[in-house]
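Single-structure report; data block below.
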Amino acid sequence: MKSYGVEVPEIAINAGLSAMVGNFTALDVECAIRRTKTCPDQAVPNRIADKLLQRERRAGRIAFANGKWSKTP
C-alpha cells in the first residue's frame, strides 16, 4: 500500500488490521500503526487507517454504529 508517496510496510498494515477487534475507533487503528514506528510522515498513519477502514467496510467485514466500528458477524 502506498500513501502520500510513501510505501507502507506490511507490518504497519497488519498492526492496523489487528487493532480491529471488538468495538474500535479510527484512532485505535491509527495508534496501532504509529506504534510500529515505520511511517516517517505524521499524516501517513492517519491516511493508512482511513484506507484500511474503507477497505474492510467495503468488504463487509466491519460496520459503523453508535460512534464505533465493530466486526460484522
Could you check I33 against V8 for side-chain contact (heavy atoms from CB on, under 4.5 Å), going step by step and ending with a plain yes or no?
CA-CA 10 Å; I33 294 166; V8 179; 5.9 Å; no

Using side-chain heavy atoms (C-beta onward) and a distance below 4.5 Å, is T36 in contact with P9? no

So CG of L53 and CD of E30: to nearest 0.5 Å the spacing works out to 10.5 Å

_Under 3.5 Å donor-acceptor, T72 side chain and R61 backbone_ = yes

* Flag, side chain of N46 to backbone of A43, donor-acceptor distance under 3.5 Å -> no

- Student check: side-chain heavy atoms of F24 and I62 closer than 4.5 Å: yes

Heavy atoms of K2 and K51 approach each other most closely as O-NZ, 2.5 Å

Joint cluster assignment, L27 & I13, ILVMFWY side-chain distance < 4.5 Å = no

Of all heavy-atom pairs linking A26 and A49, the shortest is O-CB, 4.1 Å

Going hydrophobic residue to hydrophobic residue with side-chain gaps under 4.5 angstrom, can you get from I11 over to V29?
no

Validation row: L17, M20 side chains within 4.5 angstrom (heavy atoms):
yes

CZ (R34) and CD (Q42) are apart, to the nearest 0.5 Å, by 5.0 Å

Exercise. Within the side chain of S3, is there an N or O that forms a donor-acceptor pair under 3.5 Å with the backbone of V6?
Worked result: no

Is the closest side-chain heavy-atom distance between N23 and N66 below 4.5 Å?
no

